[in-house]
Number of protein chains: 2
Amino acid sequence: MDGEGRSIADDSVPSAAETPTLAHVARLAKVSENTVSRVIRNKGPIAPETRLRVNAAIDALGYVPNRAAGSLASSSSPIIGVILPSLSNIVFPEVLRGINAGLIGTSYRPMIGVTDYSLETEQDIISSLLAWHPAAIITTGFEHTTAARRMLEGSRVRIAELMDIDDRPIDLAVGLSHREAGRAMARHLVQRGYSRIGYVGHDWTADRRARLRYEGLCEGLSETGLSLVAEYRTEAPSSTLEGRRALASLLADGAAIDAAAFSNDDMAVGGFMHCMAAGMPVPDGLALMGFNGLEIGQVLPKPLTTVLSNRFAIGKTAIEALLETPQRPQEARIIDTGFSIIEGATA
Amino acid sequence: MDGEGRSIADDSVPSAAETPTLAHVARLAKVSENTVSRVIRNKGPIAPETRLRVNAAIDALGYVPNRAAGSLASSSSPIIGVILPSLSNIVFPEVLRGINAGLIGTSYRPMIGVTDYSLETEQDIISSLLAWHPAAIITTGFEHTTAARRMLEGSRVRIAELMDIDDRPIDLAVGLSHREAGRAMARHLVQRGYSRIGYVGHDWTADRRARLRYEGLCEGLSETGLSLVAEYRTEAPSSTLEGRRALASLLADGAAIDAAAFSNDDMAVGGFMHCMAAGMPVPDGLALMGFNGLEIGQVLPKPLTTVLSNRFAIGKTAIEALLETPQRPQEARIIDTGFSIIEGATA
DNA sequence: AGTCAGAATCTCAGCGCTAACATGTTTTCA
DNA sequence: TGAAAACATGTTAGCGCTGAGATTCTGACT
């Protein structure tokens, strides 16, 4: 019955091509905007009947809250800033996958930036992410420019630094001790009876963790009275191809080694490929050990002996810890997700 | 000299722990907020001297614009919604890498969602991304729920559907014809003299493109009077391990084939591993052909014969095309990024 | 000197939502 | 039975920015 004259403000339904707002929902459900807002955010007490009415109106209009408005009003947003060094290496997508897994069922969304291992780029990304007043920022490692560190510390946003735990975090660190992982590699190889151990690595100027593993490896060896008898580092970032080339170079130089420790699995798989192509028996002619525990290593004709870094768990754990405590705590916290040796058939 | 009494409103500098706003910058630079806004967005005429003064104030305060406020006021935001089916497969991170590359130098940021190949999940993600009024939404393929399609079409946001071009896009499609790629595989194998060709694939209920390649393969073969002599599809998603198992199963069933066409490189690399472990010579005992052109395939002792899908280019091209035209055009557009055969040593 | 276009800037009203507080309405329990 | 506590809602004032339309100020050209 709306024949009794034109109603004064019948804009309870938005005109076509106009996106419905809280106000539309409120009018249709005959409650205040604030009540609708509280229903949506599930905040404060709501009478069951009211909730029903509001939800019906939301469905009827196909209302979707405007996040920008919400963020502005509450000066915080359901965004998780995620800063990754690279997307070329499967390791970081796996961390992202963990982050995403931890976000399922929440209304948070990851907003990403890729640094290409440049601290200056990281700084720019941090500043542009902070402009969204995100709930948290997740980045990698402990190395940041001074300005970046100041921004991170100065913001009230929660900060997670992933992968590494060998230093003091700003707020939260989740990862593993790469130094310890390196030592574990040394111990494993020595236990297996190898004594002439070589190192094959990639350019680590921007990869602190690879260097930490290298240092751990050296320490581990020296604890048993050994040391590296040969080493080769490429000038390129890690890749399977570089690994293949690097091992070939090391052996071509006449290195007399019975085992090669690689900076990571990509490199080690490349090394394995070289051995196959060159007819070098593994592990009897040469033992190989990697780091990461990538799937590809486990599908080789002989599964690669390596160290499992729980990338997925790192991402997921970080998100869970961050969401658990929205406010930055007084004390920084470190979560060790550990590592484990994968006893393959190559070392 | 600020000793001459307390100034009435000297809040040109924000009090500590208060983030500076446009208003602070404006006061410090002695211009209106709007002028600062125009300097920042580089919009409208600004006197060089004013620009300098404003930029100095911005630097002095370390001002960072509040994106939520900007988005609310302009009802659009520098966000690119990116919806990916999965992060487990390196293919999609590579697309994301392309997207990211196309975004460098702009202030757009990707906000991501992962569907795990579920159309319902895609629909939820679309709705939650639209809540940000993004500049564009990039998703995969042409299959969407009815509601999702309606949301995409109804929004004024630009939409790109990636990977596939074998159908009609909503707005923009960037990718390659998987059907044609399948035909090309058939032609290549036939040209090389193989005639007893088998197919090894993964579960494609959610992977339309794998099915299209399969169909193209069959069509290509039948054009030369041939057809598949054996095929095996796993019930699991594609992986190297599944590929290895699948080829083993197919051969164990006694299939008399001289070449195996795989649904993708992951599967093909797994197949290669099986051959190595089983002592089957490649390609003389069995030829192998994949699809994608992943790095790992090219590092095998014999580089894998495969089809290069330009994942990185797909992402980058899509972004470039989207940013070039902020408004959705009348006519939907298709960009074919093509494919090419990688002549490896396995087929 | 008068007019006018264009450049440079300002004023002002929101964008759609939420925080904080105010108000009214029940329930609880001494 | 009355006061306090708990519940259920409403009212109001922004959050920090941008868009549209003034307004002021130049200089160019009659």
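The chains referred to below are lettered A, B, ... by the order of the sequence lines, with proteins before strands, and numbering in each begins at 1.
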Roughly how far, to the nearest 0.5 Å, is the CZ atom of B/R41 from the OG atom of B/S107? 11.5 Å
Check the pair B/D124 / B/T121 against side chain to side chain contact (heavy atoms under 4.5 Å, CB included), numbers first and verdict last. CA-CA 5 Å; B/D124 291 348; B/T121 306; 5.5 Å; no
5'-most contact on DNA chain C (nearest-nucleotide basis), B/A73 vs B/K30, goes to B/K30
Any chance you could lay out the side chain to side chain contact (heavy atoms under 4.5 Å, CB included) test for A/R328 and A/I170, step after step, and finish with the verdict? CA-CA 10 Å; A/R328 188 181 307 180; A/I170 295 174; 4.0 Å; yes
Just N and O in the side chain of A/K43: are any of them under 4.0 Å from OP1 or OP2 of C/dT18? no
Hey, is A/R97 close enough to B/D116 for a salt bridge, meaning N to O under 4.0 Å? no
Whole angstrom value for the distance that separates P of C/dC10 from CD of B/E33: 11 Å
Contact boundaries of DNA chain D with chain B (under 4.0 Å, heavy atoms), 5' to 3'? D/dG16 to D/dA20
B/N34, nearest nucleotide to its side chain (from C/dA8, C/dC10, C/dG16): C/dC10
If you look at every strand shown and take non-hydrogen atoms under 4.0 Å, does B/T50 touch a base, only sugar-phosphate, or nothing? sugar-phosphate
Hey, what do you get for CG (A/L172) to CD (A/E324), rounding to the nearest 0.5 Å? 10.0 Å
Would B/T145 and B/Q123 satisfy side-chain hydrogen bond (donor to acceptor under 3.5 Å, both in side chains), going step by step from the backbone distance to the final call? CA-CA 7 Å; B/T145 64; B/Q123 178 182 323; 2.7 Å; yes
Could you tell me whether the phosphate oxygens of C/dC10, OP1 or OP2, come under 4.0 Å of any side-chain nitrogen or oxygen in B/T35? yes
Could you state the NE2-C1' distance from A/H133 to C/dT18, rounded to the nearest angstrom? 15 Å
Toward the 5' end of DNA chain D, which comes first, B/S74 or A/S75, by nearest nucleotide? A/S75
Among A/T115, A/T140, A/T139, find the residue that satisfies the side-chain hydrogen bond (donor to acceptor under 3.5 Å, both in side chains) test when tested with A/E122. A/T139
Rounded to the nearest angstrom, tell me the gap between atom CD1 in A/I40 and atom P in C/dA19. 13 Å
Whole angstrom is fine here: how far is it from CG in A/L22 over to P in C/dG14? 18 Å
Nucleotide C/dC17, atom C1' - distance to CG of A/N66 in whole Å: 8 Å
Just N and O in the side chain of B/R38: are any of them under 4.0 Å from OP1 or OP2 of C/dT9? no
